[in-house]
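Numbers here simply count residues along the sequence, with the first being 1. The structure displayed is predicted, hence computed values, not measured ones.
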Amino acid sequence: MTSFVAACVQMRTGRNPFQNLDVCEALIREAAAEGAVYVQTPEMTNVLERSRKAQLAASSFESDDPFLKQLSSLADELNIWIHIGSLAIRLEDDKLANRGFMISPEGEITARYDKIHMFDVDLPNGESWRESESYSAGNVSPVVDLGVAKLGMAICYDIRQPALFREQSKAGAQVLTGPAAFTKQTGEAHWHVLQRARAIENGAFVVTAAQGGTHEDDRQTYGHSLMIDPWGKVIAELDHDEPGVLLGELEMAKVDEARRRIPAIENAREFSVATVSLNGEMVS
């Protein structure tokens, strides 16, 4: 039976990338010492800054990013997969990419993922976010073969787009991910149910590292890093918003078992949607 120990690193990323790097590295080392062979960090691991100008100033081009260089070396040193949930990566046009990275145990970048779905919302408590003003959206969804499992890469707000995870599962993903900086308000309302739903729909593990607590730019994130099994059961959770490490064992046989019990992917059919007017006429 193929299984492996996964870890989520929960952080409270601030404005200084180098301070954030020190915290992140210490937590990854802790996870590896506990037996994790795959370690995931949250969205915006390197810097969280509400001001677009300040976020841009604190970010680096991929070729120069100190986080990427250090964590690549760390993956090689510890002989583990490091999934950087995302970094704010500077682009040539003075915009940013919200970019995740999968780093192999040899320290090589195996895959990149630019967040596809932009968090452009106005929340009931007055919070307003326009991610598309600062970030360029991606358009490719990677499924990465780790040897022990195939894993789909996604980021935070993507978790509200079930079609993305269904396509990853159809492409062979057994582990789905959504490293996040979920707001406290939306996390309290929807965090657990969204993670569990994506697992149940696809008969897959869902592993999500989170940001948590009150950050230097005064935003509040929910924490509660999670691991969900393919039957929708929470198998591990950091039940708080403090920085820390979450560990869990992922048994790939549970994916096959869940998909045999309820073959939702296999049973899916192509269909169209018809709009019908009040008088019963077919509009489209």
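- Under the 4.0 Å criterion applied to side-chain N and carboxylate O atoms, Arg15 and Glu216 are not assigned as salt-bridge partners.
- The residues Glu201 and Arg198 are annotated as salt-bridged, a charged nitrogen and a carboxylate oxygen being separated by less than 4.0 angstrom.
- Atom CZ of Arg99 and atom CG of Asp65 lie 10.5 Å apart (nearest 0.5 Å).
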I would like to know whether Asn98 and Tyr113 meet side chain to side chain donor-acceptor pair (under 3.5 Å); could you show each step before the answer?
-> CA-CA 8 Å; Asn98 190 343; Tyr113 169 65; over 6 Å; no

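- One distance of note links CG of Leu96 with CE of Met44; it measures 7.5 Å at 0.5 Å rounding.
- At least one donor-acceptor pair under 3.5 Å links the side chain of Asn46 to the backbone N or O of Ala88.
- The cluster map of Ile, Leu, Val, Met, Phe, Trp and Tyr, joined by side-chain heavy atoms under 4.5 Å apart, puts Leu68 and Val144 in different clusters.
- Between Arg50 and His215, the closest side-chain pair of non-hydrogen atoms is not below 4.5 Å.
- Summarising the geometry of Thr183 relative to Tyr222, their closest heavy-atom pair is O-CB, 3.8 Å, with the distance given to 0.1 Å.
- Residues Lys115 and Glu43 are paired through a salt bridge, judged by an N-O separation under 4.0 Å between the basic side chain and the carboxylate.
- Taken together through direct or relayed side-chain contacts under 4.5 Å among Ile, Leu, Val, Met, Phe, Trp and Tyr, Val207 and Val37 form part of one hydrophobic cluster.
- Ion pair Arg12/Glu242 flagged as a salt bridge, since at least one NZ, NE, NH1 or NH2 atom sits closer than 4.0 Å to an Asp/Glu carboxylate oxygen.
- Under 4.0 Å is where a charged nitrogen must lie from a carboxylate oxygen, and between Arg219 and Asp217 at least one such pair does.
- In the hydrophobic clustering of ILVMFWY residues, with side-chain heavy atoms under 4.5 Å counting as a link, Phe165 and Met227 come out together.
- For the atom pair CG (Asn20) and CZ (Phe67), the distance works out to 5.5 Å, reported to the nearest 0.5 Å.
- The aromatic rings of Tyr38 and Phe4 stand perpendicular to each other, their planes meeting at an angle above 60°, with 30° marking the opposite boundary.
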